[in-house]
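Input: a single structure, listed below in structure tokens.
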Number of protein chains: 2
Amino acid sequence: MAPESNYNEVFDASMNILEKITQHNALFSKSERKVAEVILANPQTAIHSSIATLAKMADVSEPTVNRFCRRLDTKGYPDFKLHLAQSLANGTPYVNRHVEEHDGPEEYTKKIFESTMASLEVARQSVDIPTINRVVDLLTQAQKISFFGLGASASVAHDALNKFFRFNVPVVYFEDILMQRMSCMNCTEDDVVVLISHTGRTKSLVEIAQIARGNDATVVGITSRDSPLGKECNLVLSLDVPEDTDMYMPMASRIAQLTLIDILATGFTLRRGNKFRENLKRVKDTLRGSRFDKKGE
Amino acid sequence: MAPESNYNEVFDASMNILEKITQHNALFSKSERKVAEVILANPQTAIHSSIATLAKMADVSEPTVNRFCRRLDTKGYPDFKLHLAQSLANGTPYVNRHVEEHDGPEEYTKKIFESTMASLEVARQSVDIPTINRVVDLLTQAQKISFFGLGASASVAHDALNKFFRFNVPVVYFEDILMQRMSCMNCTEDDVVVLISHTGRTKSLVEIAQIARGNDATVVGITSRDSPLGKECNLVLSLDVPEDTDMYMPMASRIAQLTLIDILATGFTLRRGNKFRENLKRVKDTLRGSRFDKKGE
DNA sequence: TGAAAAGTTGTAAATTTACTACATTTGATG
DNA sequence: CATCAAATGTAGTAAATTTACAACTTTTCA
């Protein structure tokens, strides 16, 4: 009589169910995974199919499809279709799909773009705005800013250097861990050290964090919150990006880190105000000498 | 900007069904209007109700509800529910919105994530698959691979180094333009030089392209096709990413470049086959010694 | 006005769809 | 190899949706 009881279900399932399917993948049984594949391959078709047709497409029995739906915390097949429809409506049918052995250039290109976008979407939802604001605060007030990362995160630090360098702020970046250590030994309480690491378990970075804090610098980690590195930081900007794929290379996580750098840099310029932005333009104009002019300029 | 006419077509096709109901109102019969009212009053409930409960709520018969659905150009009640569910999901597709002066952390964070995703979407559509395939071909056959970029693109080249280094292929990366030049002077026809530049108008990179080609190396540009640099390359992987924003910093273009590197690296490993991927895993495992173990491992 | 026509609505039966209970298979373990 | 647990499928059942048709309204025009 009072169907109002169903209200909440719609809301707490705000998570993209396609994303949920990929993340849940390990917990599925063999047949359930077949269902998942068929749905991911063509979600638009799935929402217009009955449980029978979908079962046939996945070459499993109908109850298997039903169990699949239940495992994703939906009430059953029709409820699952509603969630799926909502996910598809959301503009992003982007899903973190793994590249397969037999994929051709078209497939892997598509998959990588889509996984990257899906990861950014996840990152966007997980990032903590107040912390960003706090970090921007610190950066604008810093006497000196250092960016350190190793391995795949080195290029992220490198990129941060490039961005913040334009701001006319003393900014430091080293690849060499000894230089990193020495740099941190000279820190003061007005300095900010930003350490980048996806896993947060790189020993030398953890040590650097300790050294920097020992000298009263503020240490910001772009890393996982509960990691050894995260625990050593004053502030942690964590990005809950799904684990990277089969390819044994950091891909999506690093893109999310870079985007975060963009965000910090943007926050920085906004905080510094208009006059400061003119300065930025000047830096850009200076580069012109080293370039071929654009036609018509 | 797309012409108005196109806009409307798209709009019509994907129109919010709730709006459609209100607009259609005049064409409904008395009973159908009762159904419309009930649905509009509480759409969240509607999508979780069966045709029977909804009919009861509107105090009409079940076929009336069904006719109501058909009148809105849906296949029937379940199909109508799907449309309704999609309308209720707050679908905001990603758009490249510029950060404004007065934006707070929440706004600029959101805008940057969304612009980045929007740019990736554009990049995905503009990238030329056959060229990717061709470049992967070249890379797998190369004796030596070099990645060079300057300024903001330096970190992209840096990242490429990090990726390809794991493949146990001779790979070269320098920040210093003199080193870059010298390296190119020693090129042979079996070498591939990848040059990265968003604008493609950086003088010294163009010169490097000329040097490399002079030594019969294959030059691949990740740059704009019609740029001075593009014209010097054997192959150009161009990314039609919308011009970067007001912030006077390369942001989205660089993310697209990095994603392209991911794609090349993935193509590379796929081409090299399974056995090769084990090698990658070994590289990853080697890193373990420099890390704190994960709990439970 | 009133009778045919067109349109609206509801009842009941038919059909499709989804779900449950149970049986069979698979695979792991001692 | 026997045994148990998990996974999957079969078949039957319940539920929901749709169709067909009849009853009832409203409209139209002689």
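Residue numbers start from 1 in every chain, and the chains themselves are labelled A, B, ... in the order their sequence lines are given, proteins ahead of strands.
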When every non-hydrogen atom of Phe164(B) is compared with those of Ile145(B), the smallest separation belongs to CD2-CD1, 4.2 Å

Would you indicate, yes or no, if dT17(D) has its OP1 or OP2 atom less than 4.0 angstrom from a side-chain nitrogen or oxygen of Asn66(B)? no

What is the distance, rounded to the nearest whole Å, between atom CD1 of Ile47(A) and atom P of dA18(C)? 14 Å

Whole-Å distance, Arg67(A) CZ to dA21(C) P, equals 13 Å

From the set dT18(D), dG9(D), dT8(C), return the single nucleotide nearest to any side-chain atom of Pro78(B). dT18(D)

May I have the list of side-chain donor-acceptor pairs in residues 129-140 of chain B shorter than 3.5 Å, sequence neighbours left out?
{"from": "Thr131(B)", "atom 1": "OG1", "to": "Asp128(B)", "atom 2": "OD2", "distance (Å)": "2.3"}
{"from": "Asn133(B)", "atom 1": "OD1", "to": "Arg271(B)", "atom 2": "NH2", "distance (Å)": "2.7"}
{"from": "Asp137(B)", "atom 1": "OD1", "to": "Arg271(B)", "atom 2": "NH1", "distance (Å)": "2.3"}
{"from": "Thr140(B)", "atom 1": "OG1", "to": "Val136(B)", "atom 2": "O", "distance (Å)": "3.0"}
{"from": "Thr140(B)", "atom 1": "OG1", "to": "Asp137(B)", "atom 2": "O", "distance (Å)": "2.7"}

When the distance from CZ of Arg70(B) to P of dT17(D) is rounded to whole Å, what number comes out? 12 Å

Verify the contact: side-chain N or O of Ser61(B) to OP1 or OP2 of dT11(C), cut-off strictly under 4.0 Å; return yes or no. no

Between Lys75(B) and dT17(D), is there a side-chain N or O to OP1/OP2 distance below 4.0 Å? no

Could you check how far CG of Leu54(B) sits from P of dT17(D), rounded to whole Å? 10 Å

N/O donor-acceptor pair under 3.5 Å between Glu232(A) side chain and Leu229(A) backbone: no

Tell me whether the OP1 or OP2 atom of dG9(D) has a side-chain N or O from Thr64(A) closer than 4.0 Å. yes

Specify the separation, in whole Å, of atom NZ of Lys81(B) and atom P of dA15(D). 16 Å

Between Phe268(B) and Phe167(B), what is the ring plane arrangement, given parallel below 30°, perpendicular above 60°, and tilted in between? parallel

Ion pair check, Arg124(A) and Glu121(A), cut-off under 4.0 Å: yes

From dT26(D), dT17(D), dA18(C), pick the nucleotide closest to the side chain of Glu62(B)? dT17(D)

Of the listed dT8(C), dA7(D), dT10(D), the closest approach to the Pro63(A) side chain comes from dT10(D)

Contact class for Val60(A) (heavy atom, under 4.0 Å): base, sugar-phosphate, or nothing? sugar-phosphate

What's the CG-C1' distance between Asp79(B) and dT16(C), to the nearest Å? 15 Å

Whole angstroms only, please: what is the CG-P distance between Leu27(A) and dA7(D)? 11 Å

In whole angstrom, give the distance that lies between atom CZ of Phe80(B) and atom P of dT17(D). 12 Å

